Every structure is written in structure tokens, then in C-alpha cells.
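Here's the structure we're looking at; comments come further down.
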Amino acid sequence: MASDTLATRAGAAAGRRRTLSSRAWLTILAVVVSVISVLPVLWMVTSSFKTRATVTDGNLIPREFTFDNFVYVFTEVPFGRYLWNSFLISAVITVAALFFHSMAAYALARLRFPGREKLFGAIFATLLVTAPVVLIPLFLVARELNLLDSYAGLIIPAIFNAFGIFLLRQFYLGLPKELEEAAVIDGCGHWRVYWNIVLPMSRPILSALAIFFFLANWNAFVWPLVATNDQDLTVVQLGIASFQTQYTSNWNYILAAATVAALPMLILFFVFQRQIVESVKTSGLK
């Protein structure tokens, strides 16, 4: 009996040591990956405060701090206009996409109608189609509808996204049906069930999708490049590209513009990272 007890304790201690060792290696791996991921961003931010003569010196910490790069970006080019265009377009697309995607996902998850599964399969299949494949047809359609060189042309084609519908549908399939059945018994129609019950329960997943949609459209480059020629409609990524073309050797100005463009996204991520984690936990993708 005593020998069995000692053997059990020894086995448990060895198991705990293996667990601690595995956890330590995972922690080290996470730290290394984090440093590799953060280092380019950190280098961009610190280099934006360097002078033109020292921006390519390879040092992470600037020898001479200067804010002239940011002053130049906001005074010599209409960079504030670029930021406003990107914010307006991204915000409108995000709000509209969440509204229409949530309605479509609710219908595909809860309503019974002929061809529902086939319709969902067709929507899901669009995830296999890459953006360059539909770029020319999308341009031709936008031209026929007189949407080029307008905010509508930048907003409307970007609203539909099969990923959002798929993720919301998976989330709605995990909601308890008893709540909806109780609401229907009380006389609520589908719209009231969707608006008063389903949407309030969808805040975690909607918050995460809002970040994804806003980030994707903030960084949009190809479609704004194709759909607009008007300088008043230039978005921030096009502004940085044109700035780089004009000042190819002046990397201090280019990095300052990139830092300004990245700062809102970094703030948004750190503020709402809890919602992102919660959405992954509750989306049904396990």
C-alpha cells in the first residue's frame, strides 16, 4: 500500500513537472512570436520620428527626435482629407454590413423556406472566389450604374461579405430557441424577435465583426484605386501610395504617414480586444 502511494505521488509530481515544462516552452514561443510581430510596427513608429539623414541608419531608437515629418505630412498634402474619406467609407460600410448581414444570417438560421440550404451554400461558395476575379466585372457594373468617382461606388460594392453572414449564422444557430418561441407566443413577429431579442444577444459577435469590417475597409486599396480618379475621394492607403511615389527617397515622410494611418487601428484593437475574444468563444466555430 505504501509503495503504491509513493508511486502514485511520484507519477503525479512527474506529470506536474511535464506540464510546467510544456507551459514554459509555450510561453517562450508566444513571447518570440509576439516580438517578431511587434518589431516591424515598433520600427515604423520610431523611424517616423527620425530625420531624413538617419531614417535608414538601422537603429531602433532615433538619435534625434523630430516632429517635422508629421507637420510636413499634414501641411504639404491633404492627409486629413484622406483620413476623413477612409473613416467615413469604413464606418458606413461597417454599419450597413452589420445590419444587412445580421438580417440575412437570422433568416438563414431560423426561418424555414424552400431552398434555404442551397441559398446558404451559394453564399458560402463566394468565399472561394478571390477579389481579382470579380474586379473587372465589378468595375463594368459600377460604370454602367454611374457609381464611379463617388462615395456610393466606394461603399455599395463593399457591403456584401459572405464571411459575415456565415459567422453570424453559426452564432444564431447556437442561440436557445426557447427565447424566440416564448416571444412568438407573446405575439411577436419575426422582426420584433430579431430586433428585440436576437440583436441584443449578438453584441459580442457584432462588435468583433465591426472591427474586422472597419479594418478591412480602412486598409482597402485595390477597389478605391480602380473606382476613383477624383482627388477629393482619395482614401488613406491611396494617399500613402501616391505620397511614396512622389517622395520615393523620403522614407521619414512615408513612415510618418503610415504611422498616422495605423494608429486608429491599433487603438481600436486594444480597446475592443475583449470583444474579439468573446466572439471567438461564442461564435460556434470550435
Side-chain angles (χ1 to χ4, degrees), residues 19 22-23 26-27 30 34 87 89-131 155-220 264-286:
T19 301
S22 301
R23 189 172 301 174
L26 289 176
T27 302
S34 300
F87 173 79
I89 293 170
S90 301
V92 173
I93 291 175
T94 299
V95 173
L98 290 180
F99 180 67
F100 290 115
H101 290 192
S102 60
M103 286 195 299
Y106 175 72
L108 292 171
R110 293 306 198 193
L111 304 186
R112 302 291 180 181
F113 55 88
R116 185 186 70 166
E117 297 301 325
K118 293 182 179 179
L119 178 59
F120 173 71
I123 294 174
F124 183 76
T126 61
L127 290 173
L128 304 177
V129 182
T130 58
I155 292 173
I156 295 176
I159 290 178
F160 174 79
N161 189 302
F163 173 75
I165 297 175
F166 168 73
L167 199 64
L168 285 167
R169 177 183 177 272
Q170 295 302 110
F171 178 82
Y172 293 154
L173 288 175
L175 295 179
K177 294 183 178 180
E178 290 77 8
L179 295 175
E180 299 175 50
E181 294 173 352
V184 171
I185 293 176
D186 290 339
C188 293
H190 291 303
W191 173 257
R192 288 192 62 187
V193 171
Y194 160 77
W195 188 260
N196 295 330
I197 298 177
V198 174
L199 275 188
M201 297 178 63
S202 307
R203 288 178 182 174
I205 189 68
L206 290 177
S207 298
L209 280 177
I211 297 173
F212 294 147
F213 289 159
F214 193 92
L215 178 61
N217 290 284
W218 180 271
N219 291 326
M265 293 299 95
L266 293 176
I267 295 175
L268 192 67
F269 174 77
F270 284 116
V271 171
F272 293 101
Q273 58 180 330
R274 179 180 177 184
Q275 283 78 0
I276 296 177
V277 175
E278 290 296 324
S279 69
V280 174
K281 292 167 57 178
T282 57
S283 62
L285 301 177
K286 300 179 181 178

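If you're wondering where the values come from, they're calculated on a predicted model, not measured in any experiment.
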Approximate separation, where rounding is to 0.5 Å, of Leu168 CG and Leu108 CG: 10.5 Å
Pairwise side-chain contact, Leu199 with Ser102, heavy-atom cut-off 4.5 Å (strictly under): yes
Approximate separation, where rounding is to 0.5 Å, of Met265 CE and Ile211 CD1: 9.5 Å
Presence of salt bridge, Glu117 and Arg169, under 4.0 angstrom: yes
Greater than 12 external heavy atoms within 6.0 Å of Arg116's CZ: yes
Leu206 CG to Phe99 CZ distance, which is reported to the nearest 0.5 Å: 12.0 Å
Flag side-chain contact, heavy atom, 4.5 Å: Phe166 against Ile123: no
Cys188 side, atom SG; Ile197 side, atom CD1 - distance, nearest 0.5 Å: 6.0 Å
Shortest non-hydrogen contact between Gly164 and Leu209, atoms and distance: O-CD1, 4.1 Å
Contact check, side chains of Phe113 and Leu119, non-hydrogen atoms, under 4.5 Å: yes
Under 3.5 Å donor-acceptor, Thr126 side chain and Ala162 backbone: no
Closest heavy-atom pair and its distance - Ile165, Ala105: O-CB, 3.7 Å
CZ (Phe160) with more than 12 external heavy atoms under 6.0 Å: yes
Beyond-backbone contact of Glu180 with Tyr194, side-chain heavy atoms, under 4.5 angstrom: no
Single hit among Ile93, Ile159, Leu98, Val95 for side chain to side chain contact (heavy atoms under 4.5 Å, CB included) with Phe213: Leu98
Geometric class of the Trp191/Trp195 ring pair [parallel <30°, tilted 30-60°, perpendicular >60°]: parallel
Interatomic distance, Phe214 atom CZ to Phe87 atom CZ [nearest 0.5 angstrom]: 5.5 Å
Backbone N/O of Asn161 and side chain of His101: donor-acceptor pair under 3.5 Å: yes
Shortest non-hydrogen contact between Phe163 and Leu127, atoms and distance: N-CD2, 3.6 Å
Geometric cation-pi criterion Arg110 and Tyr172, 6.0 Å radius, 45° cone: no
